[in-house]
Amino acid sequence: MSENEENNHKNFIEEIVEQDLAQGKNEGVIQTRFPPEPNGYLHIGHAKSICLNFGLALEYGGKTNLRFDDTNPVTEDVEYVESIKNDIRWLGFDWEDREFYASDYFEKLYEYAVQLVKDGKAYVDDSPLEEIRRMRGVPTEPGEESPYRDRSVEENLDLLERMREGEFPEGARVLRAKIDMASPNMQLRDPVMYRILHKEHHRTGDAWCIYPTYDWAHGQSDAIEGITHSICTLEFEVHRPLYDWFLDQIGTFDASVLQPRPRQIEFARLNLSYTVMSKRKLLELVEGDFVSGWDDPRLPTILGMRRRGYTASGIRNFAERVGVAKRDNVIDLSFLEYCIREDLNKTAPRVMGVLDPVKLIITNYPEGQREDLSIENNPEDPASGSRSVPFSRELYIEQDDFMEDPPKKYFRLGPGGEVRLKGAYIITCTDFKKDPDTGKITEIYATYDPHTKSGEDTSGKKVKGTIHWVSLPHALPVEVRLYDRLFTDPDPAGHKDQDFKRFLNPESLNVIEKAYVEPSLKQAKPLENFQFMRKGYYCLDPDSTEDRLIFNQTVTLRDTWAKIQQK
RNA sequence: UGUCCGGUUGUGUAAAGGUAGCACAGGAGAUUUUGGUUCUCUUAGUCAGGGUUCGAAUCCUUGCCGGACAACCA
C-alpha cells in the first residue's frame, strides 16, 4: 500500500527502529501494538496511530497486536470493543489472532505488585484522595511523603491482599509505588498503581475490585506481549521515566520483561482544522444532538468518514503523508480532502446527476424517441468500461449551467449559445421561460445537431463547454445530502473563553429533497462511491430504501470556476 | 521562579556541519467531450541575538514563543 521512490525520507520513529534493528536489539524483531481504551469511538487521529503502528510492523517485518486498554470499568464497555475492531478492519489492518486485553494480565500484574511490595518498592496508602492530591505538591514545589509510606512489608502485604478481597470501600486505600515525592517529574511522586473500584468489568466480571492504573498496566502489558516499540502521543512523554522505572524494578526479579525490553516513543497527535477531536467534545456533539450520531458524516470519526464516503485507502494515504514528528500540528482539512479526491478520482465510476434541476426541451428532437447512449464509466480507468444512458427530448440540466446574460468567460449555456451535452449532442439555445415574479428560469428550449453525436461527430463543430444532464422521463428522483465543514472556525476548541459549540456551522448539512440522477444508479450499493460528473463524489447512504435513495456528498470536485467568479 | 518536549514558506514535512527540498493551499499557463484529471511554470521559510567553524536550519549559549505534567482517567 505504501509509498515508492521519491519518498525515501524516514520519520524519526522509522529511524529509531532502523537503528535498533541495525544494532541487533531484540534479536532483530519489531513488535508494535495499537492500544485503544474501549470507552469511545475511533477518529481520524486514531487512524493515524493505527496506520503508524501497523505500518511500521509491515515495513520492518514485524507484527502488531490489538490490545484493549481496559483498566477502568467505570467508563468502558463491550459496545466499544466491537466498534473499534470493525473500524480497524475497515481501515484494512489485520491483527490476526493477537487480540489482547490489559485485563488478561490482571493476575500477573498483581503478582508483580506483590513482589514490589516485598521489595519495599510499593506501599498501601490510607490517605483520602484529597490528601494524596495535596501531598503530591505542585510542579514547581516538592511534595511531601505520606504518613503511611514506611509501613512494614508485612502490613502492606496484608492490606493489599485485603484490598483485593474487597474488604474496603472505594477510595479507602490505594497501592502506590515508592519512588520520590520530591521529584521534579510529578509522575514519579509515588504514583498510584491500584485503586479500589467495586465495579463490574466487561471482561473480568466481579473477579476484581482493585484495578490497575494506566501507568501500572501499560508498560507491563507491553513487556508481557513482547512489544519492542510502544508508540504513544506526546502527553505521555513525562510518563516515560515511570514506564522505565517499573520495568527496571520488575526486571530485578523477572528478567523476561527485559527481553525484549519495550521502549516508549512519543509523537505529536494529529489535529485537523475545522473540527474537534477530543472524545469528550465528540460525545457532547452526539449527546446534544448537534449531529445525528457517531456515524454522522460530518464527524471525524471513522464511522462518520466511512458513511461520508471517504475510502480506507484515501485515509491510509493521508495518514502516511501527514508525517510523524514531535511538534504540534494542525493539518488543513483541504489536505484530507485532496487525499480522498485523489483516490476517488481513480476509482469512482462517473455518473450524471442534476442537483438543482431546470427543464431543457430539445424542440427538434422527435417526441417519444429514446436513444441509449454509451458513456464511459471512468476516463481514468479504461478497464471500467461503459454504461448505457437514456437520452430523450426532455432533459434536466443544472440551473447553474444556464445564464440569461452570461459574462464573457462563461462556457455554459446562454441565449443563442452552444454547448455539448456530455456523451450526447451539441445543442443551441433558442429560447427560455422565466417566472416573472421570482426571475427564476423555468424552461429552456434548444435545438440539437444530429451530426454532433458523441463518438461519431462529423460536424467539425467545437464548443467551449460540456454540461451534464439527465433524461426527464427516465430520471431517478433521489435525496442528496450536502455537507460542509462542521465548524466555521479553524480551531473551534482553541478559544479559552468561548464554548466550541459556538462555532458550529449552521450550513454544515444541506438536504436536497429532490435531485435527479441517471437510472443506472438504481443498482447502487450502500456506501458505493460515485462521481457525479462536474459536481463531486457521492456515496449511497445506508439509510436508503428501495424507493428512496439517499446520496451523501463525500467531497466536491475542485471548482476553479467558482474561484474565478469570486474575483 | 520547576521538569520535560518542541519552534523550517499560509499548512504539513525533509535536509544527520556543505545548493533549504517535497506535498497541500495560493498564483499563471497548456491540455481536456467533467471549468475534473494531467502537465508546465510560479509566490513564499530556517523564532531572535551571540558564539564555534572555511562553512550552521543543524553544534554551543542566552533569550523569546508554543505545548505537556499537579485524576484513585487513558
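None of the values given here were measured: they were computed from a predicted structure.
Both thresholds, 5.5 Å between centres and 30° between ring planes, are met by F411(A) relative to the base of G35(B), so the two rings are stacked.
Between the CD atom of Q187(A) and the P atom of C73(B) there is a distance of 14 Å, rounded to whole Å. Going from atom CG of N11(A) over to atom C1' of A14(B) covers 11 Å, rounded to whole Å. Straight-line distance from the CZ atom of R176(A) to the C1' atom of A71(B): 13 Å, rounded to whole Å. Spacing between atom CG of L234(A) and atom P of C5(B) amounts to 11 Å, rounded to whole angstrom units. What separates CG of D180(A) from C1' of G2(B) is a distance of 14 Å, to the nearest Å. Between K326(A) atom NZ and G66(B) atom P there is a gap of 20 Å when expressed in whole angstrom units. The separation between D328(A) atom CG and A68(B) atom P is 7 Å, rounded to whole Å.
The salt bridge (charged side-chain N to carboxylate O under 4.0 Å, His left out) test with E144(A) is passed by exactly one of R189(A), R136(A), R134(A), R149(A): R134(A).
A sub-4.0 Å separation between OP1 or OP2 of C69(B) and a side-chain N or O of R240(A) is absent. Distances shown here put every side-chain N or O of R341(A) at or beyond 4.0 Å from the OP1 or OP2 atom of U37(B). Taking side-chain N and O atoms only, S273(A) has no distance below 4.0 Å to OP1 or OP2 of U11(B). At A74(B), one or more side-chain N or O atoms of R195(A) fall inside 4.0 Å of OP1 or OP2 (strictly under the cut-off). An OP1 or OP2 oxygen of C73(B) is reached within less than 4.0 angstrom by no side-chain nitrogen or oxygen of R280(A).
Residue R420(A) is classed as a base contact, given a heavy-atom separation below 4.0 Å to a base. Residue contacts shown for V324(A) are limited to sugar-phosphate atoms, with no base heavy atom under 4.0 Å away.
Put simply, the side chain of Q187(A) does not reach to within 4.5 Å of the side chain of Y243(A), judged on heavy atoms.
Using a cut-off of 4.0 Å between Lys/Arg side-chain N and Asp/Glu carboxylate O, E518(A) and R387(A) are scored as salt-bridged.
G45(B) and A20(B) have their P atoms separated by 13 Å, with the value rounded to a whole Å.
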**Message:** Show, in sequence, the C-alpha distance, side-chain angles and deciding distance for F391(A) and L421(A), and conclude whether the side chain to side chain contact (heavy atoms under 4.5 Å, CB included) test is met.
**Reply:** CA-CA 10 Å; F391(A) 180 83; L421(A) 296 173; 3.9 Å; yes
